[in-house]
Amino acid sequence: MKGREKLCAKLSSTFLRKWWFVVAVSVGCIFFGIIVVIFFSSWVKLVINHELVLRDGSQTFTWWAKPPVVPTIKVYIYNVTNADEFLNNGSKPVVDELGPYVYVEKWERKNLTFHDNGTVSYNLEKIYHFDESQSAGSQDDVVVVPNIPMLSATSQSKHAARFLRLAMASIMDILKIKPFVEVTVGQLLWGYEDPLLKLAKDVVPKEQKLPYEEFGLMYKKNGTSPDIVTVFTGANDITKYGLIQNVNGRSNLSHYTSDECNSMEASDGSIFPPHMNKNTTLYIYDKDLCRRLPLIYQKEVTGSNDVPGFRFSPPKSVFADMDEMPDNACFCPQGPPCAPSGFFNVSLCQYDSPILLSFPHFYLANDSYRTALDGISPADPEKHTFFMDIQPVMGVAMKAKARIQINLAVSQVIDIKQVATFPDIIFPIMWFEEGLDSLPEEMTGLMKLATTVPPVARTVIAACLFVVGAILLIIAVWRLVRGANRLSSLHLAPGHVGTPAKATLYVCRQRTFFLDIVCDNY
Ligand SMILES: *[C@@H]1O[C@H](CO)[C@@H](O)[C@H](O)[C@H]1NC(C)=O
Ligand SMILES: *[C@@H]1O[C@H](CO)[C@@H](O)[C@H](O)[C@H]1NC(C)=O
Ligand SMILES: *[C@@H]1O[C@H](CO)[C@@H](O)[C@H](O)[C@H]1NC(C)=O
Ligand SMILES: *[C@@H]1O[C@H](CO)[C@@H](O)[C@H](O)[C@H]1NC(C)=O
Ligand SMILES: *[C@@H]1O[C@H](CO)[C@@H](O)[C@H](O)[C@H]1NC(C)=O
Ligand SMILES: *[C@@H]1O[C@H](CO)[C@@H](O)[C@H](O)[C@H]1NC(C)=O
Ligand SMILES: *[C@@H]1O[C@H](CO)[C@@H](O)[C@H](O)[C@H]1NC(C)=O
Ligand SMILES: *[C@@H]1O[C@H](CO)[C@@H](O)[C@H](O)[C@H]1NC(C)=O
Ligand SMILES: *[C@@H]1O[C@H](CO)[C@@H](O)[C@H](O)[C@H]1NC(C)=O
């Protein structure tokens, strides 16, 4: 009798211990499920960050160093069709927007050098090839545009001594320099010999010398840039991933009056710090822009291969004047007068030429600048805004249309007879769109994987853990409750029930929990 009871107790307690173990496992599952829900995104973030870091030999590095993309630059030129009437009869200038003239670009980062402090330096090579098939004309099209070197020189002489202006007038007379030049599109972009620059090169003291005797809006841009750019690889601090640390050893501009405006901590437009949200302000820096340009969130977009992205554009106040945007005061170190709203003065980066940048068709500027000329249609945000579509998780630019117009701010100078009739005007020269339409399949495939799989995986894994945990828990609790009931009757049994047959029956009932079939046959 006693032996049988002991056996029964033993059986039931081992048996219960097993179910307690199952309870522990199921709670573990549920707990792990909660951990997955909370931390899965951070783990994915860590993995993505690790993969993004620019490391010699990594896939990201290869793509960054030699982008497998085909950026294009589309150039639109404002051909002046009534130059003589404008100068002689004071008519409103009439321009004809020509283009696009399309150049296909090939980029490569050359001379790559990694530094110990988590940075890498390079020289960017950009090779341009004219694409006749996409263009609306040929590079040999003849256009009439303002003579930028001449009008820069005359506008600058406005506050110089009068005899200097008269001297300038006679030199221009001898050299037959006119306020408008007739050049081909190719010459305007890639350079033509300019008599004034040639002269300046010979007579101006060495220190102030212009480095070139040719003039072109994209002169010397076809090839490897001599500027050594150092960017953060993200190895030490992923929040600086892809940001410029210095250019030619200088980490700040010096033109402006505040650190914020002088900052060059910005992306070069290809990669950005990952994991951005809709509040993030991105910055891009370009030497010819003469500053970094802020970009703010606009809307959600879907890129090629259904990769989700955010569209970023400069805020509407980006080129606003001081009255509208007091923060922009630092960009006008010598003002007032400062550039009007909608324009950005880059003369400090352009050898003091009075060049103002704006958006195409004077988008965001007072309409009076556009209507000062005939032939420019009203700005259309679709065609004339500047935007970039960026994959927010990985910080990769998927699509971009960087659109900028180049204008010359001409000042009337009465003493120089060639330009005496040229009024104060902001004269548009051309605008361009540097664009990227899509990334290659190999890149978007990986981006899609990295952005769409983790949320699904998180849900599936967490759901599985919860379901398995819950099922196990329910079974175990049920068994335990039933087991506890049986056990209490078993413990009660010996006192009241004397026959071994009944005790055997109890044992058997206990055993049925795991030996149903055996028991059935008992
Ligand atoms: C530009 O305008 C001039 C007249 O001012 C004209 O001779 C020339 O053909 C125009 N160029 C093109 C490409 O239309
Ligand atoms: C200027 O206007 C006069 C008359 O209004 C006209 O005869 C002359 O041809 C115009 N000059 C030019 C260069 O168009
Ligand atoms: C490569 O980099 C080194 C130092 O970083 C520099 O001296 C050299 O001029 C660069 N070469 C080219 C082709 O830019
Ligand atoms: C990292 O090292 C490079 C080369 O030595 C140097 O130009 C750069 O200023 C350094 N950057 C930082 C953040 O220390
Ligand atoms: C740019 O340079 C390459 C050779 O380096 C040349 O083939 C190409 O025609 C040039 N592009 C232009 C627009 O001059
Ligand atoms: C650049 O600006 C930062 C603050 O924005 C300042 O701490 C740093 O000293 C500046 N560097 C130089 C070289 O002017
Ligand atoms: C963005 O900014 C708004 C207002 O400043 C704030 O309510 C929101 O939580 C921010 N969102 C993120 C993702 O930081
Ligand atoms: C542009 O900046 C230069 C240098 O700061 C200044 O001399 C010039 O007046 C400015 N031009 C305009 C239109 O504000
Ligand atoms: C545009 O400029 C004109 C004249 O300069 C001025 O009267 C008008 O108020 C300006 N419009 C806006 C929207 O600022």
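We're numbering straight along the sequence, starting at 1. Counting convention: from 1, in listed order, for ligands and their atoms alike.
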Donor-acceptor under 3.5 Å (Asn82 side chain, Glu85 main chain): no
Qualifying residue, where the test is side chain to side chain donor-acceptor pair (under 3.5 Å) with Tyr122 and the options are Asp268, Asn111, Thr224: Asp268
Part of Asn246 within contact of ligand 4 (heavy atoms, under 4.0 Å):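 The answer is the side chain.
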Protein residues that have a heavy atom under 4.0 Å from any atom of ligand 1, sorted by chain and number: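 Correct list: Asn79, Val80, Thr81, Leu98, Asp141, Val142, Val144.
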Flag if over 12 foreign heavy atoms under 6.0 Å of NZ, Lys106: yes
Residues, nucleotides or ligands: over 12 heavy atoms within 6.0 Å of Lys92 NZ: yes
Geometric class of the Phe427/Phe180 ring pair [parallel <30°, tilted 30-60°, perpendicular >60°]: perpendicular
Under 4.0 Å from any heavy atom of [X], which atoms of ligand 8 are there?
{"X": "Cys338", "answer": "14 (O)"}
{"X": "Ser347", "answer": "1 (C), 2 (O), 3 (C), 4 (C)"}
{"X": "Ala339", "answer": "14 (O)"}

Side-chain heavy atoms of Pro381 within contact of Phe387, under 4.5 Å: no
pair Asp237-Phe232: side-chain heavy atoms closer than 4.5 Å: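 No, every pair of side-chain atoms sits at 4.5 Å or beyond.
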Six-ring centre of Phe331, Arg291 cation under 6.0 angstrom, axis tolerance 45°: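 Satisfied, under 6.0 Å and within 45°.
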Atoms of ligand 4 close to Thr119 [distance to a heavy atom under 4.0 angstrom, numbered from 1]: 1 (C)
Side chain, backbone, both or neither: Pro337 near ligand 8, heavy atoms under 4.0 Å: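 Within the 4.0 Å criterion, Pro337 contacts ligand 8 through backbone atoms alone.
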Ring centroid separation Tyr363 to Trp431 under 6.0 Å: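 Tyr363 vs Trp431: aromatic centres not under 6.0 Å.
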